[in-house]
Amino acid sequence: MAREQDRGGVATDAESAAKLLHGVVDQLVDGWRTRPERPASPVSADAAEIRSWLENYPLEKPEDLAQAVPEVLTALDRWTVHTDHPGYFGLFNPSATWAGVVGDLITAAVNPQLAAWSHAPFAVEAEQRCIDLFSGRLGLPATAGGHFTSGGAEANATAVLTALTHAFPEYSTGGLRALDAAPVFYAGADSHLAWLKIAHATGLGRDACRLVPSDASGRMDVAALEMLLAEDRRDGKAPFLVVATAGTTGAGMIDPLPRLADLAAGAGLRFHVDAAWGGAVCLSDRLHGVLTGIERADTITVDAHKWLSVPMGAGMFFTRDRAELSSSFTVSTSYMPGRVDDTADPYTTSNQWSRRFTGLKLWLSLLAYGVSGYRDQIEHDTALGQDLRDQLTSAGWLAINDTPLPIVCVTRADAPADPADSWRWHSDLADRVNATGSAWVSPVRVAGRPALRVCVISWRTRTEDIVRLRELLDRV
(Lines give C-alpha, C1' and ligand atoms only; values in the text may rest on other atoms or scores of the structure.)
Protein backbone atom coordinates (compact mmCIF):
# COMPACT_ATOMS: atom_id res chain seq x y z
CA MET A 1 0.00 0.00 0.00
CA ALA A 2 1.34 3.39 -0.96
CA ARG A 3 2.09 5.61 1.98
CA GLU A 4 -0.04 8.73 2.40
CA GLN A 5 2.93 11.03 1.96
CA ASP A 6 3.54 9.53 -1.52
CA ARG A 7 0.49 11.49 -2.66
CA GLY A 8 2.41 14.73 -2.21
CA GLY A 9 0.90 17.82 -0.62
CA VAL A 10 1.03 17.76 3.18
CA ALA A 11 -0.03 14.16 3.75
CA THR A 12 1.99 12.05 6.21
CA ASP A 13 1.59 8.37 7.01
CA ALA A 14 1.02 7.10 10.54
CA GLU A 15 4.39 5.38 10.80
CA SER A 16 6.28 8.56 9.91
CA ALA A 17 4.14 10.59 12.30
CA ALA A 18 4.82 8.19 15.17
CA LYS A 19 8.56 8.22 14.51
CA LEU A 20 8.61 12.02 14.40
CA LEU A 21 6.59 12.45 17.60
CA HIS A 22 8.55 9.85 19.55
CA GLY A 23 11.79 11.52 18.51
CA VAL A 24 10.54 14.96 19.57
CA VAL A 25 9.33 13.66 22.94
CA ASP A 26 12.68 12.03 23.67
CA GLN A 27 14.55 15.22 22.85
CA LEU A 28 12.18 17.43 24.88
CA VAL A 29 12.40 15.23 27.95
CA ASP A 30 16.18 15.08 27.69
CA GLY A 31 16.31 18.88 27.40
CA TRP A 32 14.08 19.24 30.44
CA ARG A 33 16.18 16.77 32.43
CA THR A 34 19.42 18.61 31.75
CA ARG A 35 18.03 22.16 31.92
CA PRO A 36 19.35 22.92 35.45
CA GLU A 37 22.88 22.26 34.21
CA ARG A 38 22.57 24.72 31.32
CA PRO A 39 21.99 28.50 31.15
CA ALA A 40 18.66 29.98 32.17
CA SER A 41 18.86 32.57 29.39
CA PRO A 42 20.85 33.32 26.22
CA VAL A 43 24.44 34.40 26.69
CA SER A 44 23.82 36.66 23.69
CA ALA A 45 21.07 37.16 21.15
CA ASP A 46 21.87 38.87 17.86
CA ALA A 47 18.99 39.44 15.46
CA ALA A 48 21.22 39.27 12.39
CA GLU A 49 22.66 35.94 13.50
CA ILE A 50 19.21 34.45 14.09
CA ARG A 51 17.94 35.67 10.74
CA SER A 52 20.99 34.20 9.05
CA TRP A 53 20.25 30.86 10.76
CA LEU A 54 16.66 30.95 9.48
CA GLU A 55 17.87 31.55 5.93
CA ASN A 56 19.24 28.01 5.97
CA TYR A 57 15.62 26.92 5.61
CA PRO A 58 14.10 28.82 2.65
CA LEU A 59 10.79 26.92 3.10
CA GLU A 60 10.40 26.41 -0.64
CA LYS A 61 10.93 22.64 -0.72
CA PRO A 62 10.45 19.80 1.77
CA GLU A 63 13.12 19.26 4.42
CA ASP A 64 13.84 16.18 6.51
CA LEU A 65 12.14 16.91 9.85
CA ALA A 66 14.11 14.18 11.60
CA GLN A 67 17.19 16.27 10.88
CA ALA A 68 15.67 19.72 11.20
CA VAL A 69 13.85 19.28 14.55
CA PRO A 70 17.03 18.72 16.61
CA GLU A 71 18.50 21.84 15.00
CA VAL A 72 15.37 23.83 15.86
CA LEU A 73 15.53 22.62 19.46
CA THR A 74 19.19 23.62 19.59
CA ALA A 75 18.26 27.08 18.30
CA LEU A 76 15.53 27.40 20.92
CA ASP A 77 17.94 26.25 23.59
CA ARG A 78 20.42 28.90 22.52
CA TRP A 79 18.04 31.81 21.94
CA THR A 80 15.35 31.54 24.63
CA VAL A 81 14.89 32.57 28.23
CA HIS A 82 14.10 29.20 29.79
CA THR A 83 11.14 29.28 32.13
CA ASP A 84 11.69 25.61 32.96
CA HIS A 85 14.98 26.46 34.69
CA PRO A 86 14.81 26.26 38.51
CA GLY A 87 16.69 29.58 38.62
CA TYR A 88 14.09 31.43 36.55
CA PHE A 89 12.67 34.10 38.87
CA GLY A 90 10.91 36.06 36.18
CA LEU A 91 7.66 37.38 34.81
CA PHE A 92 4.91 34.89 35.71
CA ASN A 93 6.03 32.36 33.11
CA PRO A 94 6.33 29.19 35.18
CA SER A 95 7.62 25.79 34.16
CA ALA A 96 4.78 24.08 32.30
CA THR A 97 3.20 21.02 33.87
CA TRP A 98 3.77 17.84 31.88
CA ALA A 99 0.03 17.20 32.08
CA GLY A 100 -0.45 20.55 30.39
CA VAL A 101 2.07 19.67 27.68
CA VAL A 102 0.14 16.46 27.02
CA GLY A 103 -3.06 18.51 26.85
CA ASP A 104 -1.61 20.80 24.20
CA LEU A 105 -0.37 17.80 22.20
CA ILE A 106 -3.78 16.10 22.29
CA THR A 107 -5.52 19.35 21.41
CA ALA A 108 -3.23 19.94 18.44
CA ALA A 109 -3.67 16.40 17.11
CA VAL A 110 -7.43 16.01 17.60
CA ASN A 111 -7.97 19.71 16.75
CA PRO A 112 -11.57 20.08 17.97
CA GLN A 113 -13.43 23.21 16.93
CA LEU A 114 -15.10 24.81 19.95
CA ALA A 115 -17.24 27.38 18.18
CA ALA A 116 -20.36 25.21 18.43
CA TRP A 117 -21.26 22.88 21.32
CA SER A 118 -22.47 20.17 18.93
CA HIS A 119 -19.05 19.95 17.22
CA ALA A 120 -17.06 19.46 20.42
CA PRO A 121 -19.44 18.61 23.27
CA PHE A 122 -16.83 16.96 25.50
CA ALA A 123 -14.37 19.83 25.03
CA VAL A 124 -16.96 22.51 25.79
CA GLU A 125 -18.21 20.70 28.89
CA ALA A 126 -14.69 19.97 30.18
CA GLU A 127 -13.81 23.64 29.90
CA GLN A 128 -17.02 24.59 31.66
CA ARG A 129 -16.13 22.17 34.46
CA CYS A 130 -12.90 24.13 35.03
CA ILE A 131 -14.74 27.45 34.89
CA ASP A 132 -17.31 26.23 37.42
CA LEU A 133 -14.61 24.93 39.77
CA PHE A 134 -12.79 28.26 39.83
CA SER A 135 -16.00 30.28 40.01
CA GLY A 136 -16.83 28.44 43.21
CA ARG A 137 -13.36 28.89 44.68
CA LEU A 138 -13.52 32.62 43.86
CA GLY A 139 -16.81 32.91 45.74
CA LEU A 140 -19.02 33.78 42.78
CA PRO A 141 -22.72 32.81 42.89
CA ALA A 142 -24.46 29.92 41.11
CA THR A 143 -25.42 32.32 38.31
CA ALA A 144 -21.74 32.76 37.38
CA GLY A 145 -20.30 31.81 34.03
CA GLY A 146 -17.25 32.37 31.92
CA HIS A 147 -14.92 30.95 29.32
CA PHE A 148 -11.29 30.40 28.40
CA THR A 149 -9.39 33.11 26.56
CA SER A 150 -6.02 33.43 24.85
CA GLY A 151 -4.72 35.20 27.96
CA GLY A 152 -5.31 37.96 30.45
CA ALA A 153 -5.45 40.73 27.85
CA GLU A 154 -8.40 39.11 26.07
CA ALA A 155 -10.12 38.36 29.39
CA ASN A 156 -9.69 41.95 30.53
CA ALA A 157 -10.93 43.23 27.18
CA THR A 158 -14.02 41.06 27.69
CA ALA A 159 -14.52 42.74 31.06
CA VAL A 160 -14.54 46.16 29.40
CA LEU A 161 -16.93 45.03 26.64
CA THR A 162 -19.42 43.47 29.06
CA ALA A 163 -19.20 46.51 31.34
CA LEU A 164 -19.90 48.86 28.43
CA THR A 165 -22.85 46.73 27.33
CA HIS A 166 -24.24 46.68 30.86
CA ALA A 167 -23.77 50.39 31.54
CA PHE A 168 -24.85 51.66 28.11
CA PRO A 169 -27.44 49.39 26.43
CA GLU A 170 -27.31 51.56 23.29
CA TYR A 171 -23.60 50.74 22.92
CA SER A 172 -24.40 47.27 21.50
CA THR A 173 -25.92 48.60 18.30
CA GLY A 174 -25.00 52.27 18.11
CA GLY A 175 -21.47 52.07 19.47
CA LEU A 176 -19.78 54.95 21.26
CA ARG A 177 -21.33 57.48 18.91
CA ALA A 178 -24.73 56.65 20.41
CA LEU A 179 -23.68 57.75 23.89
CA ASP A 180 -24.34 61.19 25.34
CA ALA A 181 -21.12 61.30 27.36
CA ALA A 182 -17.61 59.92 27.03
CA PRO A 183 -17.18 56.70 29.04
CA VAL A 184 -14.17 56.41 31.33
CA PHE A 185 -12.84 53.63 33.54
CA TYR A 186 -10.26 53.39 36.30
CA ALA A 187 -7.24 51.13 36.81
CA GLY A 188 -4.19 51.43 39.04
CA ALA A 189 -1.03 53.09 37.82
CA ASP A 190 0.80 49.87 38.75
CA SER A 191 -1.73 47.62 37.01
CA HIS A 192 -0.94 45.71 33.82
CA LEU A 193 -1.06 48.42 31.17
CA ALA A 194 -2.81 46.24 28.63
CA TRP A 195 -5.70 48.45 29.79
CA LEU A 196 -4.37 51.23 27.55
CA LYS A 197 -4.37 48.90 24.54
CA ILE A 198 -7.88 47.74 25.42
CA ALA A 199 -9.11 51.34 25.62
CA HIS A 200 -7.52 51.97 22.22
CA ALA A 201 -9.01 48.84 20.62
CA THR A 202 -12.55 49.36 21.94
CA GLY A 203 -12.69 52.89 20.52
CA LEU A 204 -12.78 54.48 23.96
CA GLY A 205 -9.36 56.01 23.39
CA ARG A 206 -6.40 55.71 25.73
CA ASP A 207 -7.42 58.84 27.66
CA ALA A 208 -10.54 56.97 28.76
CA CYS A 209 -8.35 54.71 30.89
CA ARG A 210 -7.79 56.76 34.02
CA LEU A 211 -4.67 55.51 35.78
CA VAL A 212 -5.13 55.98 39.50
CA PRO A 213 -1.95 56.78 41.47
CA SER A 214 -0.64 54.21 43.90
CA ASP A 215 -0.10 54.81 47.58
CA ALA A 216 3.33 54.43 49.16
CA SER A 217 2.92 50.64 49.27
CA GLY A 218 2.20 50.31 45.54
CA ARG A 219 -1.55 49.65 45.97
CA MET A 220 -4.27 51.71 44.34
CA ASP A 221 -4.91 54.90 46.33
CA VAL A 222 -8.65 54.86 47.06
CA ALA A 223 -8.73 58.56 48.00
CA ALA A 224 -7.09 59.43 44.67
CA LEU A 225 -9.68 57.31 42.88
CA GLU A 226 -12.51 59.17 44.61
CA MET A 227 -11.00 62.49 43.52
CA LEU A 228 -10.65 61.35 39.89
CA LEU A 229 -14.19 60.02 39.86
CA ALA A 230 -15.61 63.29 41.18
CA GLU A 231 -13.51 65.28 38.71
CA ASP A 232 -14.67 63.22 35.73
CA ARG A 233 -18.31 63.55 36.71
CA ARG A 234 -17.94 67.33 37.05
CA ASP A 235 -16.46 67.34 33.54
CA GLY A 236 -19.48 65.52 32.12
CA LYS A 237 -17.79 62.16 31.57
CA ALA A 238 -19.52 58.83 32.18
CA PRO A 239 -17.57 56.55 34.58
CA PHE A 240 -18.60 52.90 34.23
CA LEU A 241 -15.89 50.58 35.59
CA VAL A 242 -13.37 50.24 38.42
CA VAL A 243 -10.51 47.75 37.91
CA ALA A 244 -8.63 46.33 40.89
CA THR A 245 -5.49 44.23 40.63
CA ALA A 246 -4.92 41.15 42.78
CA GLY A 247 -1.19 40.70 42.30
CA THR A 248 0.48 43.52 40.38
CA THR A 249 3.08 42.46 37.84
CA GLY A 250 5.87 44.51 39.31
CA ALA A 251 5.57 43.91 43.04
CA GLY A 252 2.71 41.46 43.63
CA MET A 253 0.58 44.03 45.44
CA ILE A 254 -3.10 43.38 46.04
CA ASP A 255 -5.31 46.44 45.79
CA PRO A 256 -7.74 47.06 48.70
CA LEU A 257 -10.51 44.90 47.22
CA PRO A 258 -13.22 45.41 49.90
CA ARG A 259 -12.87 49.19 49.84
CA LEU A 260 -12.89 49.29 46.05
CA ALA A 261 -15.94 47.01 45.97
CA ASP A 262 -17.70 49.40 48.35
CA LEU A 263 -16.75 52.42 46.26
CA ALA A 264 -17.88 50.82 43.00
CA ALA A 265 -21.20 49.73 44.50
CA GLY A 266 -21.83 53.16 46.02
CA ALA A 267 -21.02 54.93 42.75
CA GLY A 268 -23.05 52.54 40.60
CA LEU A 269 -19.98 51.30 38.71
CA ARG A 270 -18.97 47.84 37.59
CA PHE A 271 -16.19 46.19 39.59
CA HIS A 272 -13.58 44.01 37.84
CA VAL A 273 -10.63 42.25 39.48
CA ASP A 274 -7.60 41.42 37.36
CA ALA A 275 -6.29 38.42 39.29
CA ALA A 276 -4.39 37.02 36.33
CA TRP A 277 -1.59 35.87 38.59
CA GLY A 278 -2.72 36.18 42.19
CA GLY A 279 -6.10 34.55 41.58
CA ALA A 280 -4.45 31.13 41.81
CA VAL A 281 -4.34 31.43 45.60
CA CYS A 282 -8.08 30.76 45.62
CA LEU A 283 -7.05 27.08 45.57
CA SER A 284 -5.39 27.43 48.98
CA ASP A 285 -7.68 27.57 52.00
CA ARG A 286 -4.81 28.99 54.05
CA LEU A 287 -4.02 31.84 51.62
CA HIS A 288 -7.53 32.45 50.25
CA GLY A 289 -8.10 35.33 52.66
CA VAL A 290 -5.72 37.60 50.78
CA LEU A 291 -8.39 37.75 48.05
CA THR A 292 -11.18 38.87 50.39
CA GLY A 293 -13.47 41.13 48.39
CA ILE A 294 -12.94 39.36 45.07
CA GLU A 295 -16.23 37.51 45.58
CA ARG A 296 -18.00 40.88 45.13
CA ALA A 297 -16.57 41.45 41.67
CA ASP A 298 -18.83 41.59 38.64
CA THR A 299 -16.07 40.08 36.53
CA ILE A 300 -12.68 38.46 37.19
CA THR A 301 -9.61 37.48 35.17
CA VAL A 302 -7.37 34.52 36.08
CA ASP A 303 -4.59 33.19 33.83
CA ALA A 304 -4.00 29.45 33.87
CA HIS A 305 -0.65 29.96 32.13
CA LYS A 306 0.73 31.88 35.10
CA TRP A 307 0.72 30.33 38.57
CA LEU A 308 -1.35 27.34 37.43
CA SER A 309 1.63 26.43 35.25
CA VAL A 310 -0.02 25.28 32.05
CA PRO A 311 1.60 26.07 28.67
CA MET A 312 0.90 29.38 26.94
CA GLY A 313 -1.69 30.64 26.35
CA ALA A 314 -4.65 30.07 28.62
CA GLY A 315 -6.63 32.82 30.31
CA MET A 316 -10.02 32.60 32.01
CA PHE A 317 -12.80 35.15 32.22
CA PHE A 318 -15.49 34.96 34.89
CA THR A 319 -18.73 36.88 35.33
CA ARG A 320 -21.18 36.64 38.20
CA ASP A 321 -24.05 36.68 35.67
CA ARG A 322 -23.53 34.33 32.73
CA ALA A 323 -26.46 35.93 30.87
CA GLU A 324 -24.26 38.97 30.25
CA LEU A 325 -22.08 36.94 27.91
CA SER A 326 -24.97 36.37 25.52
CA SER A 327 -25.92 40.04 25.74
CA SER A 328 -22.46 41.04 24.56
CA PHE A 329 -21.61 38.33 22.05
CA THR A 330 -24.70 36.63 20.63
CA VAL A 331 -24.90 36.48 16.85
CA SER A 332 -26.75 34.07 14.57
CA THR A 333 -26.12 32.84 11.07
CA SER A 334 -27.46 30.04 8.92
CA TYR A 335 -24.14 28.28 8.36
CA MET A 336 -23.58 27.54 12.05
CA PRO A 337 -25.12 24.38 13.57
CA GLY A 338 -28.36 24.77 15.47
CA ARG A 339 -28.29 25.27 19.21
CA VAL A 340 -28.65 22.21 21.46
CA ASP A 341 -31.03 22.53 24.42
CA ASP A 342 -29.45 23.20 27.82
CA THR A 343 -26.13 24.21 26.23
CA ALA A 344 -24.45 27.36 24.98
CA ASP A 345 -22.41 27.66 21.81
CA PRO A 346 -19.07 29.32 22.71
CA TYR A 347 -19.14 31.54 19.64
CA THR A 348 -22.25 33.22 21.07
CA THR A 349 -20.78 33.78 24.54
CA SER A 350 -17.23 34.94 23.83
CA ASN A 351 -15.28 37.26 21.57
CA GLN A 352 -13.64 34.37 19.71
CA TRP A 353 -15.38 32.36 17.01
CA SER A 354 -13.12 29.52 15.92
CA ARG A 355 -11.20 28.41 18.99
CA ARG A 356 -8.93 25.59 20.11
CA PHE A 357 -9.49 23.36 23.15
CA THR A 358 -7.54 25.67 25.44
CA GLY A 359 -8.95 24.24 28.66
CA LEU A 360 -7.73 20.65 28.21
CA LYS A 361 -4.26 21.46 29.53
CA LEU A 362 -5.77 22.82 32.74
CA TRP A 363 -8.34 20.02 33.06
CA LEU A 364 -5.61 17.38 32.66
CA SER A 365 -3.37 19.21 35.14
CA LEU A 366 -6.19 19.27 37.68
CA LEU A 367 -6.83 15.60 36.93
CA ALA A 368 -3.16 14.75 37.46
CA TYR A 369 -2.43 16.86 40.54
CA GLY A 370 -5.84 17.79 41.94
CA VAL A 371 -6.76 20.99 43.73
CA SER A 372 -4.75 19.54 46.62
CA GLY A 373 -1.58 19.36 44.52
CA TYR A 374 -1.97 22.93 43.34
CA ARG A 375 -2.66 24.05 46.91
CA ASP A 376 0.56 22.43 48.10
CA GLN A 377 2.57 23.97 45.25
CA ILE A 378 1.17 27.47 45.77
CA GLU A 379 1.83 27.30 49.50
CA HIS A 380 5.33 25.92 48.84
CA ASP A 381 6.16 28.76 46.44
CA THR A 382 4.83 31.30 48.93
CA ALA A 383 6.99 29.84 51.69
CA LEU A 384 10.05 29.93 49.40
CA GLY A 385 9.33 33.58 48.63
CA GLN A 386 9.25 34.41 52.33
CA ASP A 387 12.43 32.41 52.88
CA LEU A 388 14.16 34.38 50.13
CA ARG A 389 12.95 37.67 51.64
CA ASP A 390 14.30 36.64 55.06
CA GLN A 391 17.65 35.51 53.65
CA LEU A 392 18.16 38.69 51.64
CA THR A 393 17.20 41.08 54.42
CA SER A 394 19.45 39.16 56.83
CA ALA A 395 22.28 39.64 54.34
CA GLY A 396 21.78 43.41 54.25
CA TRP A 397 19.34 43.83 51.39
CA LEU A 398 16.30 46.08 51.78
CA ALA A 399 12.91 44.67 50.78
CA ILE A 400 10.69 47.47 49.48
CA ASN A 401 7.47 45.57 48.76
CA ASP A 402 5.12 43.98 51.26
CA THR A 403 2.93 41.26 49.75
CA PRO A 404 1.75 37.80 50.75
CA LEU A 405 2.60 36.62 47.22
CA PRO A 406 6.10 35.32 46.37
CA ILE A 407 7.57 38.42 44.75
CA VAL A 408 10.55 39.98 46.50
CA CYS A 409 11.72 43.44 45.39
CA VAL A 410 15.02 44.45 46.95
CA THR A 411 17.63 47.17 46.83
CA ARG A 412 20.78 48.08 48.74
CA ALA A 413 21.42 50.96 51.08
CA ASP A 414 24.44 51.87 48.95
CA ALA A 415 22.46 51.99 45.68
CA PRO A 416 22.63 55.40 43.92
CA ALA A 417 20.14 57.96 45.22
CA ASP A 418 19.49 59.58 41.85
CA PRO A 419 16.50 57.74 40.22
CA ALA A 420 18.12 57.48 36.77
CA ASP A 421 21.44 56.29 38.19
CA SER A 422 19.61 53.89 40.48
CA TRP A 423 17.69 52.37 37.57
CA ARG A 424 20.94 51.83 35.65
CA TRP A 425 22.55 50.32 38.76
CA HIS A 426 19.72 47.80 39.29
CA SER A 427 19.50 47.00 35.57
CA ASP A 428 23.24 46.34 35.48
CA LEU A 429 22.92 44.13 38.55
CA ALA A 430 20.18 42.08 36.86
CA ASP A 431 22.30 41.78 33.69
CA ARG A 432 25.27 40.48 35.69
CA VAL A 433 23.10 37.92 37.48
CA ASN A 434 21.56 36.75 34.23
CA ALA A 435 24.95 36.57 32.50
CA THR A 436 26.00 33.82 34.91
CA GLY A 437 23.35 31.56 33.38
CA SER A 438 22.32 30.18 36.77
CA ALA A 439 19.39 32.54 37.35
CA TRP A 440 17.16 35.11 35.66
CA VAL A 441 15.88 38.21 37.49
CA SER A 442 14.73 41.64 36.37
CA PRO A 443 14.79 45.31 37.41
CA VAL A 444 11.53 46.99 38.40
CA ARG A 445 10.16 50.21 39.85
CA VAL A 446 8.01 49.94 42.98
CA ALA A 447 6.07 53.13 43.66
CA GLY A 448 8.67 54.83 41.46
CA ARG A 449 11.65 53.38 43.32
CA PRO A 450 14.08 51.17 41.35
CA ALA A 451 14.68 47.68 42.71
CA LEU A 452 15.62 44.15 41.75
CA ARG A 453 12.61 41.87 41.26
CA VAL A 454 12.64 38.18 42.12
CA CYS A 455 9.49 36.07 41.61
CA VAL A 456 9.29 32.50 42.90
CA ILE A 457 6.84 30.78 40.57
CA SER A 458 8.45 27.67 39.08
CA TRP A 459 7.54 24.28 40.49
CA ARG A 460 11.14 23.26 39.77
CA THR A 461 12.56 25.83 42.21
CA ARG A 462 13.76 24.38 45.51
CA THR A 463 15.28 25.69 48.72
CA GLU A 464 18.80 25.15 47.39
CA ASP A 465 17.97 27.36 44.38
CA ILE A 466 16.94 30.15 46.77
CA VAL A 467 20.20 29.80 48.68
CA ARG A 468 22.16 29.79 45.41
CA LEU A 469 20.43 32.99 44.24
CA ARG A 470 21.09 34.78 47.52
CA GLU A 471 24.78 33.84 47.36
CA LEU A 472 24.91 34.95 43.71
CA LEU A 473 23.36 38.34 44.53
CA ASP A 474 25.85 38.89 47.31
CA ARG A 475 28.68 37.94 44.97
CA VAL A 476 27.79 40.19 42.05
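What you are looking at is a predicted structure, and each value in this text was computed from that prediction instead of being measured.
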Steps toward side chain to side chain contact (heavy atoms under 4.5 Å, CB included) verdict (L260, T245): CA-CA 10 Å; L260 291 171; T245 303; over 6 Å; no
Derivation of the side chain to side chain contact (heavy atoms under 4.5 Å, CB included) call for S95 and T83: CA-CA 5 Å; S95 304; T83 62; 5.6 Å; no
Side-chain donor/acceptor of R389 to backbone N/O of V408, under 3.5 Å: no
Reported CD1-to-CZ distance for the pair I407 and F89, which is rounded to 0.5 angstrom: 13.0 Å
Pairs where residues 396-434 contributes a residue and the test ring pair (Phe, Tyr, Trp, His ring centres under 6.0 Å) is met, not counting sequence neighbours: none
Interatomic spacing from CG in D132 to CZ in F318 - rounded to 0.5 Å: 9.5 Å
Residue pair T158 / N351, side-chain donor-acceptor N/O under 3.5 Å: no
Evaluation steps, side chain to side chain contact (heavy atoms under 4.5 Å, CB included), between L193 and L211: CA-CA 9 Å; L193 293 188; L211 294 178; 3.9 Å; yes
Residue among L291, I254, T382 satisfying side chain to side chain contact (heavy atoms under 4.5 Å, CB included) with V281: L291
S365 and T97: side chain donor to acceptor below 3.5 Å: yes
Heavy-atom side-chain proximity of P450 to T411 below 4.5 angstrom: no
Side-chain heavy atoms of F122 within contact of P112, under 4.5 Å: no
Heavy-atom check, side chain of N93 versus side chain of M312, under 4.5 Å: yes
Polar side-chain atom of E127 near backbone of E125 as donor-acceptor pair, under 3.5 Å: no
Pairs touching residues 198-220 that satisfy salt bridge (Lys or Arg N to Asp or Glu O under 4.0 Å), sequence neighbours left out: R210-E231, R210-D232
D190 and T248 side chains, donor-acceptor separation under 3.5 Å: no
Minimum-distance pair of heavy atoms, taken over all atoms of V124 and A344: CG1-O, 4.4 Å
Nearest-0.5 Å distance, CZ of residue R449 to OG of residue S422: 8.0 Å
Residues R424 and D431 bridged, charged N to O under 4.0 Å: no
Non-neighbouring partners of Y88 that pass ring pair (Phe, Tyr, Trp, His ring centres under 6.0 Å), sequence neighbours left out: W440
W195/H272 aromatic ring centres below 6.0 Å: yes
Carboxylate-amine/guanidinium proximity below 4.0 Å for D428 and R432: yes
Any pair counted as salt bridge (Lys or Arg N to Asp or Glu O under 4.0 Å), so long as it reaches residues 364-381, sequence neighbours left out: R286-E379
Backbone of P141 reached by a side-chain donor or acceptor of R320 within 3.5 Å: no
Side chains of L452 and L473 in contact at under 4.5 Å (non-hydrogen atoms): yes
Shortest non-hydrogen contact from R322 toward A142: NH2-O, 2.8 Å
Residue pair W277 / C455, side-chain heavy-atom distance below 4.5 Å: yes
Q113 side chain to S354 side chain, donor-acceptor N/O pair below 3.5 angstrom: yes
Closest non-hydrogen atom pair, A126 against F357: CB-CZ, 4.0 Å
Beyond-backbone contact of L263 with Y186, side-chain heavy atoms, under 4.5 angstrom: no
Among T299, D274, T149, side-chain hydrogen bond (donor to acceptor under 3.5 Å, both in side chains) partner for N156: D274
Main-chain N/O of G250 paired with R453 side-chain donor or acceptor, under 3.5 Å: yes
Separation between NE2 of H305 and NZ of K361, rounded to the nearest 0.5 Å: 9.0 Å
R339: salt bridge (charged side-chain N to carboxylate O under 4.0 Å, His left out) partners, not counting sequence neighbours: none
Within 6.0 angstrom of D180 CG, more than 12 heavy atoms from elsewhere: no
Check: D421 side chain, P416 main-chain N or O, donor-acceptor pair, under 3.5 Å: no
Over all atoms of both residues, closest heavy-atom pair of L308 and A280: CD2-CB, 4.0 Å
Side chain D345, main chain W117, donor-acceptor under 3.5 Å: yes
Salt bridge (charged side-chain N to carboxylate O under 4.0 Å, His left out) partners for R296, two or more places apart: D262
Heavy-atom closest contact (V340 atom, S118 atom, distance): CG2-CB, 4.1 Å
Expected output: side-chain D418 to main-chain A420 donor-acceptor under 3.5 Å: yes
F185 side chain near L164 side chain, heavy-atom distance below 4.5 Å: no
Note, Y347 side chain near V331 side chain (heavy atom, < 4.5 Å): yes
Whether T461 side chain and I457 backbone form a donor-acceptor pair below 3.5 Å: no
Donor-acceptor under 3.5 Å (T80 side chain, H82 main chain): no
Sidechain-backbone polar pair: D303 side chain, G152 backbone, donor-acceptor under 3.5 Å: yes
Full working for side chain to side chain contact (heavy atoms under 4.5 Å, CB included) between Y171 and L161: CA-CA 10 Å; Y171 169 77; L161 288 171; 3.6 Å; yes
For the student: nearest non-hydrogen atoms of L469 and A439, plus distance: CD1-CB, 4.0 Å
Atom pair CD1 (I466) and CG (D387), whose distance is rounded to the nearest 0.5 Å: 6.5 Å
Side-chain ion pair, R51 and D46, N-O less than 4.0 Å: no
